[in-house]
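What follows is a set of notes on a single structure, which appears directly below.
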Number of protein chains: 2
Amino acid sequence: MKSSIKEVAHLAQVSIATVSYVLNGTKRVRPETEKRVMDAVRKLNYQVNPLARNLRKGESKLIGFVVSDFGNYFFQEIAMGLEAQLAAAGYSLILIDSKEQKEIEIENVKNLIAQAVDALVIAPTTEDCSYLSLLLANNPIPAIMIDRRPEGFVSDLILATNEQGAYEAVKALTERGHRNIAFMGEKRDSTMLERLQGYTRALEEAQIPINANYIRFGSHSSGSQRILKHGTMYHHTFDLLSNHNITAIFSGNNMGTIGIFSCIKETNLKVPEDLAFITFDDEFWLTMTSPAITAVAQNPDEMGKVAGNLVLERLRKNPDEEYSYQEIRISTHLIIRGSI
Amino acid sequence: MKSSIKEVAHLAQVSIATVSYVLNGTKRVRPETEKRVMDAVRKLNYQVNPLARNLRKGESKLIGFVVSDFGNYFFQEIAMGLEAQLAAAGYSLILIDSKEQKEIEIENVKNLIAQAVDALVIAPTTEDCSYLSLLLANNPIPAIMIDRRPEGFVSDLILATNEQGAYEAVKALTERGHRNIAFMGEKRDSTMLERLQGYTRALEEAQIPINANYIRFGSHSSGSQRILKHGTMYHHTFDLLSNHNITAIFSGNNMGTIGIFSCIKETNLKVPEDLAFITFDDEFWLTMTSPAITAVAQNPDEMGKVAGNLVLERLRKNPDEEYSYQEIRISTHLIIRGSI
DNA sequence: TCATTTTAGAAAAACGTTTAACTACTATAA
DNA sequence: TTATAGTAGTTAAACGTTTTTCTAAAATGA
């Protein structure tokens with residue numbers, strides 16, 4: 001049914017080594033011999049057995065991508081960019097969802113190592129990544145972190161220009177005369193703190209004092225989009241709109257935006273007349289609301305591509321060759337829509 | 001660095017076969033010997049090399065999922081259900097996007113076969129799947145089709161109750177007194193034709209004659225969500241609203257809905273007063289619009305889980321054991337929101 | 001007691017490649 | 001002519017498991 005290199009060799013009247021050389025182009029072979037081999041290959045419809053090759057070469061041509069939340073469109077886009085880049089180099093991507101739970105993330109990494117992936121790309125659920133040092137200690141494969149700065153583990157790192165993105169967004173608000181601007185961040189992690197810095201810088205530049213009441217963080221456990229609609233951020237929004245006279249909200253990420261916008265929708269506030277709204281992360285549905293929502297667009301496709309290239313680069317390097325880890329920032333841009 | 005079974009055997013003073021027996025529980029071993037082996041395993045922090053095991057056992061523990069359009073939330077949900085089910089059985093999922101292009105789909109299947117996946121789950125871009133018969137001829141792995149009925153290839157099949165779902169949706173419209181109801185289907189495939197049948201049945205039941213002008217299909221090439229906003233369906237909607245006095249639209253799927261709703265939003269029609277709207281496929285953003293959009297919810301998570309179980313079932317069977325292919329229907333349910 | 005069966009483990013084959021080491025032959029140069 | 005280098009191919013080792021086959025000792029039964 002499935003033919004092996006042995007049968008090809010036999011049919012072509014050569015040794016199996018020669019077949020391998022022809023197929024891989026790893027050694028000179030007389031044209032005549034090559035033809036005999038290729039004819040046999042075609043006749044038998046031979047394809048190499050990747051299982052055998054993998055064992056011999058000690059690689060699997062598999063890359064694992066551990067995603068903190070696969071329900072988040074942002075990571076889906078990254079995955080697509082990554083996959084495109086890796087597929088071109090003959091690698092396949094194993095995608096696996098941590099559902100924002102650290103234990104699942106650790107389990108996922110273990111499983112991927114058990115599948116002998118050649119490298120890992122990880123969007124960690126939390127910053128504590130010390131477990132990776134342990135798991136990779138006697139299994140030194142490249143690991144590239146994305147979206148969040150890990151603690152307890154050094155590696156290549158791909159991040160957005162969070163501070164700058166937030167700064168530009170909030171600046172767009174101050175320029176329109178807003179002074180009471182809320183900052184709402186779903187998760188309090190390094191990424192969100194960078195965005196908070198951008199918020200702070202824009203306010204300072206406009207000589208607006210920081211009001212701690214206007215800065216809100218959500219619960220750490222984010223759930224599905226449906227749950228988020230009436231989650232912590234929803235209630236924070238309700239409080240801000242009822243008890244504080246804010247005129248604009250800047251949402252630190254797309255997940256928080258769900259709760260915030262759900263609340264806004266339920267009030268009778270007019271956007272943008274009564275309340276201006278901007279969110280980090282551009283997502284498709286932001287254009288389907290009335291009015292459409294202004295957003296700081298990241299470039300997840302680009303992040304995925306860059307991650308892919310970095311993986312390939314690392315894989316080409318000799319493992320003990322010295323290598324300095326890279327930190328790459330992917331730029332954001334503000335897309336202005338009707339909500340401000 | 002990475003220890004092999006040989007070293008474990010040596011440390012435990014047994015043969016490598018015994019180590020294998022202990023680890024896999026495939027043969028009786030004296031408790032004392034077992035302890036020696038396990039101690040050695042722990043001391044060396046040994047983990048089996050899956051590459052070697054795969055070669056020997058002739059399996060990869062990999063399942064390929066070829067998705068017609070990974071940008072479509074529907075398939076993402078399926079993927080998550082599938083992954084959950086397979087992971088529990090020790091399988092990993094390789095996800096790959098065909099971007100609605102047949103050539104890419106074929107390429108994807110080839111690549112997955114080259115990666116030696118143990119089985120395939122395919123959401124085909126078009127119904128013509130005769131290429132599979134060829135590709136799987138000398139590589140007989142199970143393949144399970146999902147969402148669309150393949151032609152030229154027999155296999156297990158998982159579909160939604162399309163006719164019934166559409167019927168209930170359109171019935172909800174006729175019950176509210178609508179008589180001029182448009183049916184808009186993005187792609188003209190077996191799935192969409194089933195939905196059209198549901199539409200037809202509901203109209204006949206309400207004794208409303210079918211008006212061919214009210215039935216519209218889109219271009220076959222669907223693109224990204226952003227492109228769809230002003231694609232064929234957008235123009236069909238514009239025509240229907242301008243030149244035909246329809247009072248309700250039933251959209252055959254989520255992709256078409258993007259263009260349709262974009263157009264509705266740009267007119268000054270009041271929904272649902274001037275125009276009622278229902279779509280097949282429930283998606284998160286349908287609740288963020290004003291009003292929220294009524295939808296026929298499929299159960300993609302369930303579809304993924306069922307697909308996973310089917311894969312595992314097939315994998316357990318002896319390949320030449322006779323097996324009758326299954327066709328499984330996953331039910332839909334109507335979620336009524338403000339748009340009707 | 002002696003033949004038979006059971007048990008625990010070892011030895012070795014097998015999975016299908018890649019690749020290092022080797023061989024025989026041919027071409028080149030002195 | 002003879003040493004040397006290059007060419008084209010073969011042989012065999014290696015990758016790390018699982019599993020079949022084999023062996024020796026112990027247990028069982030008559």
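So you know, we letter chains A, B, ... as the sequences are listed, proteins then strands, and number each from 1.
Distance NZ (B:Lys6) to P (D:dC15): 6 Å, rounded to an integer number of Å. Rounded to whole angstrom, the span from the CD atom of A:Glu59 across to the C1' atom of C:dT17 amounts to 12 Å. Following rounding to the nearest Å, B:Arg36 (CZ) and C:dG9 (C1') show an atom-to-atom distance of 11 Å. Spacing between atom CG of B:Leu44 and atom C1' of D:dG16 amounts to 15 Å, rounded to whole angstrom units. Rounded to whole Å, atom P of C:dC15 lies 14 Å from atom CG of A:Leu51. For B:Asn54 and C:dT17, the CG to P distance is 15 Å, given to the nearest whole Å. Atom CD of A:Glu32 is separated from atom P of D:dT7 by 18 Å (rounded to the nearest Å). A straight line from CD of A:Gln47 to P of C:dG16 spans 14 Å, rounded to a whole angstrom.
Residue pairs meeting the side chain to side chain donor-acceptor pair (under 3.5 Å) criterion with at least one member in residues 84-97 of chain B, sequence neighbours excluded: A:Gln115-B:Ser92.
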Pick out the pairs of N or O atoms, protein on one side and nucleotides 21-27 of chain C on the other, that lie under 3.5 Å.
residue, atom, partner, partner atom, Å
C:dA21, N6, A:Lys27, NZ, 3.3

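The only option from B:Lys43, B:Arg36, B:Lys35 that meets the side chain to side chain donor-acceptor pair (under 3.5 Å) definition with B:Asp39 turns out to be B:Lys35.
Residues B:Ser133 and B:Ser130 have side chains that never bring a donor and an acceptor to within less than 3.5 angstrom of each other. Remark: the A:Asn54 side chain and the A:Ser60 side chain contain no N/O donor-acceptor pair separated by less than 3.5 Å. A donor-acceptor pair shorter than 3.5 Å can be found between the side chains of B:Lys2 and A:Asn139.
Here the nucleotide nearest the side chain of B:Tyr46, chosen from C:dG9, D:dT17, D:dA8, is D:dT17. Distance from the side chain of B:Arg56 is smallest to C:dA14 among C:dA14, D:dG9, D:dA8. Counting only heavy atoms from C-beta on, B:Val48 has its side chain closest to D:dT17 among D:dT17, D:dT10, D:dA8. Checking C:dA10, C:dT19, D:dT19 against the side-chain heavy atoms of B:Ser20 singles out D:dT19 as nearest.
Between B:Arg28 and C:dT7 there is no side-chain N or O to OP1 or OP2 distance below 4.0 Å. The side chain of B:Asn49 places no N or O atom within less than 4.0 Å of a non-bridging phosphate oxygen (OP1 or OP2) of D:dC15.
Using a 4.0 Å cut-off between a side-chain N of Lys or Arg and a carboxylate O of Asp or Glu, B:Glu105 and B:Lys102 qualify as a salt bridge.
Between B:Lys57 and A:Ser15, the residue anchored closer to the 5' end of DNA chain D is A:Ser15, taking for each the nucleotide with the nearest heavy atom. Nucleotides of DNA chain C nearest to B:Ala52 and B:Thr18 differ in position, and the one nearer the 5' end is that of B:Thr18. Between A:Arg30 and A:Ile16, the residue anchored closer to the 5' end of DNA chain D is A:Arg30, taking for each the nucleotide with the nearest heavy atom.
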Could you go through residues 149-160 of chain B and list every donor-acceptor pair under 3.5 Å that involves a side-chain atom there, pairing it with any protein atom two or more places apart or in another chain?
residue, atom, partner, partner atom, Å
B:Arg149, NH1, B:Glu327, OE1, 3.1
B:Arg149, NH2, B:Glu327, OE1, 3.3
B:Arg149, NH2, B:Glu327, OE2, 3.1
B:Asp156, OD1, B:Gln326, N, 2.7
B:Asp156, OD2, B:Arg314, NE, 3.0

